[in-house]
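Here is the structure we will look at.
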Amino acid sequence: MKVWMADLTYTQQTLSSDVFPAAVAGIIDYTSNSLPIKIEPKVFKFPENLIESLEKEVPDVIGFSSYIWNCNLGLGFAKAIKKKYPNIPIIMGGPNFPINLEKQKEFLGSNPQIDFYIFKEGEGGWIKIIDLIYKNLNEKDKIEKIKNMPENLANTAFIDKNGELVSSSKAVRMSDIMELTSPYTSGLLDKFFGGSLLPIIQTNRGCPFTCTFCTEGQTYWGKVRKKSQDVINAEIEYISKKINQFPDDKKRYELYISDSNFGMFKEDIETCTFIGSMQEKYGYPKYINVTTGKNKKERVLEAAKLVKGAIRVNGSVQSLDEEVLESIKRKNISADKLLDVAKQAQGVNSNVVSEVILGLPADSKVKHFDTLKKLVDSSFNTIAMYQLMMLPGTEMNMKDSREKFGLKTRYRVLPRCFGHFKLFDQDILSAEIEEIAVENSTLSFQDYLDCRKMNLIVNIFYNEGIFEEIVKVLENSGISPFLWLEKIYENLSVEKFNDLVNQYVNESVNELWESKEKLENFCNKKTNIKSYISGDIGNNLLSKYKALSLTEYFDSVCEIGIASINDIILENKIEDEELHLLAAEIIRFKYFRIANIFDLEFRDYSHEFNYDVNSSSLKLSQKKDSSFKSKNVKLDSPMNISFKLNDEQKSMVKSYTNLFGNDLPGLSKILSRVYLKQFFREVEEI
């Protein structure tokens, strides 16, 4: 029985989803090991490969994953397949599915190419439906026969012959996921190594928190269930060995762990201990992309130490306003502990990230700015700033929530999620559209834009330690670093940088559509899809303008950084007569470490400094030093410093630019994937 599963990604600009199709492969692998039938599995990630295979052979059943970033792509391919082969059962599954039964009927009624939709956990529903398809494999009307026995299905919705919705009355979960097998060790994912994709694993399922904006905020996912530690370790070792077989420019240096709260459970310490041993043996992974636990921060920090700081430690607050937190049912998470983790994680050399969502219920410009200030003052390396997406399958998306909080929304195309393909001589034009909140009862649209502008300033001048020495100097001078960011925000005195900000704000307005239908019609024209692919429209604006700020605008970034610090020194009458000179040298020092780091053809730098700008006294630490004075780090004689990428950094740059390109869309994607500080040029005294 030919069983195919597709977790498709857009490919024509750069990859929209660059992780292994491990979730769908895991479902097929588990099904093969659970049913007494011979299954010939095929797993697809790239549309081009699926097209090639469909031109040669026909599956007995095909499934498509459905996430916010690939739902319409899957629907487009399913429509073309159903037109050519109407008797092939087509199944879709994933979190991008409404909770409300009326909306489920609307979705399936609008997409008759989908015979069955499996919602919530996939394994149980998939096994039952594959078993029924196999038993009716030679029947021409097998789809209708299966629809006539809904009692034999699980976690499944479909439209019956009368046009009515049939949906499992109660979604079920596996009582024990210890029995799950690995699609890595079975070899099912071997063909995806050595290319553009990032290995991804999951060590547990579920989330104990009830955040209303998240698909896992439902009580269905409340109990966390753990996978077998033996299976986890086997996967990690298998991946590490495989990665190590490829040349440097074909390697992915990261591991993605898809858990919702990694590090919060005692089993995660075992996982990190094993990862640490793989780092010693294979040099992999160098970086772990994961959402760490919202509580149990001591254990999270221990996990980070075990993997030599490779984990991105999250202190994701979303907001630090009590009213906002209560409105999204997040009161069971300690904001104070999330703030404290930033300081403690500095000691394990981890990238410490907090997440903030703009536009949550009860949010306002004042509250958003205040949250950003507290996070900056708490010494997070990076603040990831998002907008409130109205995700299907969340409480926030329900009509009652929208009305209660006065949520007003607009539509836009997701960055990198667009493309055009041809299957069976049928054109497939596709783009993923998201709905985001841009107003509520306490946040006007203009306030929303003002907050977006501040998000850009934070992303350029603060995130990932771009100017961490300046942050340290300001703190030691009794000045909040956020005051510096506000000064830049309020007084864009450098014309070139002001132009950059104005372009960003204009694009932030122009990317929004009031009508989803009009945007869908716009995306149904190939010329418009090509405009998205070329990068003329539809970019991730924070990533795009961060990339611009690090390339053609980095000189103006440094210029306004110095000018704003000089203003602060004068306005606050800081008693350090050489501070402006030190600040200028620090920013010049950072210019040479960062400018054009993704251009391997660019020359190395050297420069003379009058202050010891690379001394440990300037680097971020857990303690502030109120006795700090600029003259204390002034050199007796000037020091010449060279700035060069080391061989490992060059290999990493080459690997990422080979994968994603070194044009603006490619650099934007790279910046969304890496810890930028890893690429800062090494310094050496001459």
Side-chain angles (χ1 to χ4, degrees), residues 1-25 27-28 39-94 96 111-116 133 183 188-198 413-414 416-432 523-534 538 659-661 665 669:
M1 181 178 178
K2 297 177 181 179
V3 180
W4 292 10
M5 288 275 268
D7 176 35
L8 297 180
T9 178
Y10 292 90
T11 57
Q12 291 167 324
Q13 184 189 76
T14 185
L15 296 183
S16 57
S17 168
D18 63 336
V19 298
F20 277 46
V24 296
I27 291 174
I28 283 192
I39 287 177
E40 299 175 38
K42 276 196 175 183
V43 179
F44 298 89
K45 186 71 179 182
F46 304 111
E48 295 82 359
N49 293 344
L50 178 57
I51 291 168
E52 183 182 0
S53 291
L54 284 167
E55 298 287 357
K56 295 177 181 177
E57 58 180 318
V58 182
D60 293 309
V61 58
I62 185 168
F64 291 92
S65 67
S66 176
Y67 297 94
I68 190 71
W69 56 82
N70 73 351
C71 179
N72 288 339
L73 183 59
L75 290 172
F77 271 81
K79 187 174 183 179
I81 294 168
K82 182 60 70 173
K83 185 176 180 180
K84 177 81 170 178
Y85 301 112
N87 293 323
I88 294 178
I90 299 180
I91 305 167
M92 183 170 265
N96 199 48
N111 295 287
Q113 68 270 37
I114 301 302
D115 297 306
F116 304 95
I133 291 171
L188 194 54
L189 291 169
D190 278 0
K191 65 181 179 180
F192 298 105
F193 283 95
S196 54
L197 297 180
L198 169 66
V413 170
L414 264 72
R416 300 180 290 273
C417 296
F418 31 75
H420 58 85
F421 307 91
K422 186 177 285 290
L423 175 61
F424 308 135
D425 295 323
Q426 300 176 51
D427 286 324
I428 300 172
L429 297 175
S430 182
E432 307 300 331
C523 293
N524 283 331
K525 296 179 180 178
K526 195 170 184 177
T527 54
N528 295 332
I529 292 295
K530 287 183 176 180
S531 293
Y532 282 112
I533 293 170
S534 69
L659 290 173
F660 302 117
K669 178 67 175 181

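Sorted by first and then second residue, the pairs that involve residues 48-77 and meet ring-ring contact (aromatic ring centres under 6.0 Å, His included), not counting sequence neighbours, are Tyr67-Trp69, Phe77-Phe421. Counting only residues at least two apart or in different chains, salt bridge (Lys or Arg N to Asp or Glu O under 4.0 Å) contacts with residues 50-70 comprise Lys2-Glu57, Lys42-Glu57, Glu52-Lys56. Applying the salt bridge (Lys or Arg N to Asp or Glu O under 4.0 Å) test to pairs two or more places apart or on separate chains, none has a residue in residues 68-78.
Of all non-hydrogen atoms in Ile529 and Ser430, the two that sit nearest each other are CD1-O, 3.7 Å. In terms of heavy atoms, Pro41 sits closest to Leu188 at CG-CD1, 3.9 Å. A pairwise comparison of heavy atoms in Ile133 and Pro89 identifies CD1-CB, 3.8 Å as the closest pair. Nearest heavy-atom pair, Ile81 versus Phe424, reported as atom, atom and distance to 0.1 Å: CA-CE1, 4.1 Å. Scanning all heavy atoms of the two residues, the minimum distance from Pro47 to Thr11 falls at CD-CG2, 3.9 Å. Contact between Thr9 and Ser17 at its shortest, heavy atoms only, is OG1-N, 2.9 Å.
In this structure, the ring-ring contact (aromatic ring centres under 6.0 Å, His included) partners of Phe116, at least two apart in sequence or on a different chain, are Phe158. Residues passing the side chain to side chain donor-acceptor pair (under 3.5 Å) test with Ser53: none are found, sequence neighbours excluded. Here Pro21 pairs with Asp7, Val24, Val43, Lys45, Leu189, Phe192, Leu197 under the side-chain contact (heavy atoms from CB on, under 4.5 Å) rule; sequence neighbours left out. Residues forming a side chain to side chain donor-acceptor pair (under 3.5 Å) with Gln426 (at least two apart in sequence, or on another chain): none. For Tyr532, the ring-ring contact (aromatic ring centres under 6.0 Å, His included) test picks out Phe418, with sequence neighbours left out. Every side-chain contact (heavy atoms from CB on, under 4.5 Å) that Leu659 has, sequence neighbours left out, goes to Ser196, Arg252, Ser655. With sequence neighbours left out, the side-chain contact (heavy atoms from CB on, under 4.5 Å) criterion links Asp190 to Phe193, Tyr238, Lys242. Every residue two or more places apart in sequence or in another chain was checked for a side chain to side chain donor-acceptor pair (under 3.5 Å) with Asn49, and none qualifies. Judged as a salt bridge (Lys or Arg N to Asp or Glu O under 4.0 Å), and not counting sequence neighbours, the contacts of Lys82 are Asp115.
Summarising the geometry, atom OG1 belonging to Thr14 is positioned 12.0 Å from atom CD belonging to Gln12; distances are rounded to the nearest 0.5 Å. His420 NE2 to Ile428 CD1: the interatomic distance, rounded to the nearest 0.5 Å, is 12.0 Å. Residue Asp18 holds its CG atom at 5.5 Å from CG of Leu198, rounded to the nearest 0.5 Å. Here the straight-line distance linking atom SG of Cys71 with atom CD1 of Ile114 works out to 8.0 Å at 0.5 Å rounding.
Taking 4.5 Å as the limit, every side-chain heavy atom of Ile533 sits out of range of all side-chain heavy atoms of Tyr10. Using a 4.5 Å cut-off on side-chain heavy atoms (C-beta onward), Asn70 and Ser65 make contact. Between Glu432 and Leu73, the closest side-chain pair of non-hydrogen atoms falls below 4.5 Å. No side-chain heavy atom of Asn111 sits less than 4.5 Å from a side-chain heavy atom of Met92. Counting only heavy atoms from C-beta outward, the side chains of Leu54 and Trp4 approach each other to under 4.5 Å.
Counted within 6.0 Å of NZ on Lys530, heavy atoms from surrounding residues, nucleotides or ligands total 12 or fewer; the atom is thus considered open.
With Asn72 contributing its side chain and Ala431 its backbone, the two residues share a donor-acceptor pair below 3.5 Å. With Gln113 contributing its side chain and Leu75 its backbone, the two residues share a donor-acceptor pair below 3.5 Å. Here the side chain of Ser16 pairs no donor or acceptor atom with the backbone of Cys417 at under 3.5 angstrom.
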